[in-house]
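Please read all numbers here as calculations on a predicted model, not as lab measurements. Every chain is numbered from 1 and lettered A, B, ... according to where its sequence line falls, protein lines coming before strand lines.
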Number of protein chains: 2
Amino acid sequence: MRPTVIDIAREAGVSLATVDRVLNARPGVRDKTIRAVNEAIVKLGYVRDLTAANLARGRSYRVAVLLPDTESQFIQSLADALTEAGSAAATSRTELKLHRFPAEDPHALAAVLSTLPDRDTVGVALMAPETPVVRDAVRSLRAKGIPVVALVSDLPNADHFVGIDNRAAGRTAGVMMGRFLGGGPGQVMVLGQSLLARDMIERRRGFDEVMQRDFPGLEVLQSLETHGSPATMRQVVAEMLANAPHVRGIYAMGGGSRTLTQTLDDMGLSGKLTVICHELTPHVRTALERGSITAVITQNTGHLARSTLRVLRAKADNQPLDEGQEQIRIEIVLRENIPPLPDSTRPSLDDKVA
Amino acid sequence: MRPTVIDIAREAGVSLATVDRVLNARPGVRDKTIRAVNEAIVKLGYVRDLTAANLARGRSYRVAVLLPDTESQFIQSLADALTEAGSAAATSRTELKLHRFPAEDPHALAAVLSTLPDRDTVGVALMAPETPVVRDAVRSLRAKGIPVVALVSDLPNADHFVGIDNRAAGRTAGVMMGRFLGGGPGQVMVLGQSLLARDMIERRRGFDEVMQRDFPGLEVLQSLETHGSPATMRQVVAEMLANAPHVRGIYAMGGGSRTLTQTLDDMGLSGKLTVICHELTPHVRTALERGSITAVITQNTGHLARSTLRVLRAKADNQPLDEGQEQIRIEIVLRENIPPLPDSTRPSLDDKVA
DNA sequence: CGGAAAATGAGGTACGTTCCTCAAAATTTC
DNA sequence: GAAATTTTGAGGAACGTACCTCATTTTCCG
């Protein structure tokens, strides 16, 4: 059997109360006694049973996640993943509340944030651009002792960032583009919804870095902003393709992949260009299968969601993180390694619904 | 507050004992009563507190993992990951025992397996080739109600497989090779330690599939077996390169990447060929950075380890799996997206060691 | 309708920890 | 060495669930 606090008390020759004081760093214990207890802990290899501890503490983790209400498949998929991770975590005293806020209204966001402390929320995850309002709201939460996690797009004053290294993601897109085009010659188009968000800037920087250094034979054209509007996208792409006769690749840094592939389809260019984009949404999946998108740089929303919960819980408990586990991978998806949609086919030992 | 069994009892108008019988599927309750309880559960949104349940059950998960004692960096990294995952899981009543067995001696393996039931092990994970001895051992464990998980290389009679889809991995390697070589012309060499293990066979199959279908301009040479011996590897590669003048790419399906890059270095070919291999070991990492390996298809050992534990626990509890989470990704690593080695740099709310 | 069988209730103990109170012992201070 | 202070001990209640026993009620069957 695993040793319990009682074993520690016996081994250290002290009472249970004292062991408890040491374990929970409560005052009123002599150094000498603390040492004795710690030695017993080491000697017996005691490991605190967190499930029992949480039960006794009556601790439960109320966590809030705030996402913009943009109608993007990626955000939708992230929201779904969060909801699922939340309900899976319900069995372990964790409760996740998902809020959506109007993307263009930072004040609405701030308003939601300010109500959280009342409902004893132990942590907040936030996907939002870095505006002064957001920055202040984050600061104020942290001042109240509530940890804040930045989701997908980093916020420098958050406690932790859950998402990929976007600079590296841009570099990865760069190598793929460069190698797939055989190093040149040719031109490459770069598209982005908005060139202001931190993640876009970093992707572009990483992409350029690699293209300049490793593929000087390829000319990277100026970034085009599409503002999330299908019409703009269509117009901008058509114009560019008309003016730049040697375009062989397109790097779509974020969003709008649906409109992009449709535009290319309409122009009869589908499959003729090397197209690299971000986020493996359902639509991008089929585009990959059809061959109208060549490669996708993506981050797994399930992983993002679970990591968010784990990190918030760890922060709430002031426990260290398993950095390796929280490192969100930059995944490269080609037609040949599209992750299968989950479905289980294995026989089980026993099929009763427990 | 979250509803508890007591609330359910009150709501359903039955006693606590009855609720308990329903929750734990014990006999002696009328259908009508079962229905009433379940309605109360739904109505109040009751979620069983697993931490309390496990505590009450006195349940603890003793899990055994068996790895061959091969001195491969991949296996070493897997062993490390398992040990780490094991100690992280210790706080939640899980105990992992790691066994190593002589790779060429299936009987030693069987011997270890047969001792496990005595020590009330609730599940076993196993990385081993599919021999008759192993097959029987697995069958016998399952007959005793102990779930068995196949690690890295699949065993058809296991309860679950933790690892990547090796056929898809081979296909992925194929597309990368094909595209990086611009579709041809040229020759591609394929190396494997042993062409008998299930994972190797599947990788080869996937690779060929893609090469034949999508890159007919590239000639894939016959697979070469290296048997894990550096000398053989060296000889085989040298011979092949001498006989096949148009080799532009090498696909190393498993193991021996260290010897391979060294051989290429010695021959002055480093960086001149497109080399794709498997598993991001420390050595492969540096080879990627130096440019002597072009791309790596890998599976994350941390993920493998954690998934193994989660799956075994779920199987032991007869609970459903989160298929999405247990899906091990086929990761593509290039020089530009090498995952950073973990190190934390964020400021924390508070630095005390809790 | 009576008796047997099945279903339910009441109550208790246990899991390993937290956190509390109050008393007793040890140590420090003057 | 007595008083003040600090440290320690003993014990108990609680967290939410599991699982046990024994008594009581309800239902079923002939």
Task: Given DNA chain D, 5'-ward residue of the pair L55(A) and P27(A), judged by closest heavy atom - done: P27(A)
Open item on the list: Taking R57(A) first and then D317(A), would you say they form a salt bridge - that is, a charged N and a carboxylate O separated by under 4.0 Å?
Closed with: no
TODO: Output yes when D7(B) and R2(B) qualify as a salt bridge under the 4.0 Å nitrogen-oxygen rule, no when they do not.
DONE: no
Atom-to-atom span, [atom1] of [X] to [atom2] of [N] - whole angstrom:
{"X": "Y61(A)", "N": "dC15(D)", "atom1": "OH", "atom2": "P", "answer": "18 Å"}
{"X": "L23(B)", "N": "dT8(C)", "atom1": "CG", "atom2": "C1'", "answer": "15 Å"}
{"X": "R93(A)", "N": "dG16(D)", "atom1": "CZ", "atom2": "C1'", "answer": "7 Å"}

- [ ] Output the single nucleotide from dC15(D), dC19(D), dT18(C) whose closest atom is nearest the side chain of R48(A).
- [x] dT18(C)
Open item on the list: Nearest to the V29(B) side chain among dT17(D), dT8(C), dG16(C), which nucleotide is it?
Closed with: dT8(C)
Under 4.0 Å, heavy atoms only, any strand: does [X] hit a base, just the sugar-phosphate, or nothing?
{"X": "R2(A)", "answer": "nothing"}
{"X": "D20(B)", "answer": "base"}
{"X": "A17(A)", "answer": "base"}
{"X": "N24(A)", "answer": "sugar-phosphate"}
{"X": "G28(A)", "answer": "base"}

Just N and O in the side chain of [X]: are any of them under 4.0 Å from OP1 or OP2 of [N]?
{"X": "R30(A)", "N": "dT6(D)", "value": "no"}
{"X": "R57(B)", "N": "dC15(C)", "value": "no"}
{"X": "T18(A)", "N": "dG9(D)", "value": "yes"}
{"X": "R26(B)", "N": "dC19(D)", "value": "yes"}

TODO: Validate the cation-pi geometry between R48(B) and Y46(B): distance from NZ or CZ to the six-membered ring centre under 6.0 Å, angle to the ring axis within 45°.
DONE: no
Task: Residue mapping more 5' on DNA chain C - nearest nucleotide basis, K32(A) or L16(A) - done: L16(A)
- [ ] Would you state whether a donor and an acceptor, one from the side chain of R21(A) and one from the base of dG9(D), lie under 3.5 Å apart?
- [x] yes
TODO: For the residue pair T94(A) and R313(A), confirm or rule out a side-chain donor-acceptor distance under 3.5 Å.
DONE: yes
- [ ] Measure the spacing between NE2 of H303(A) and OG1 of T308(A) and express it to the nearest 0.5 Å.
- [x] 9.5 Å
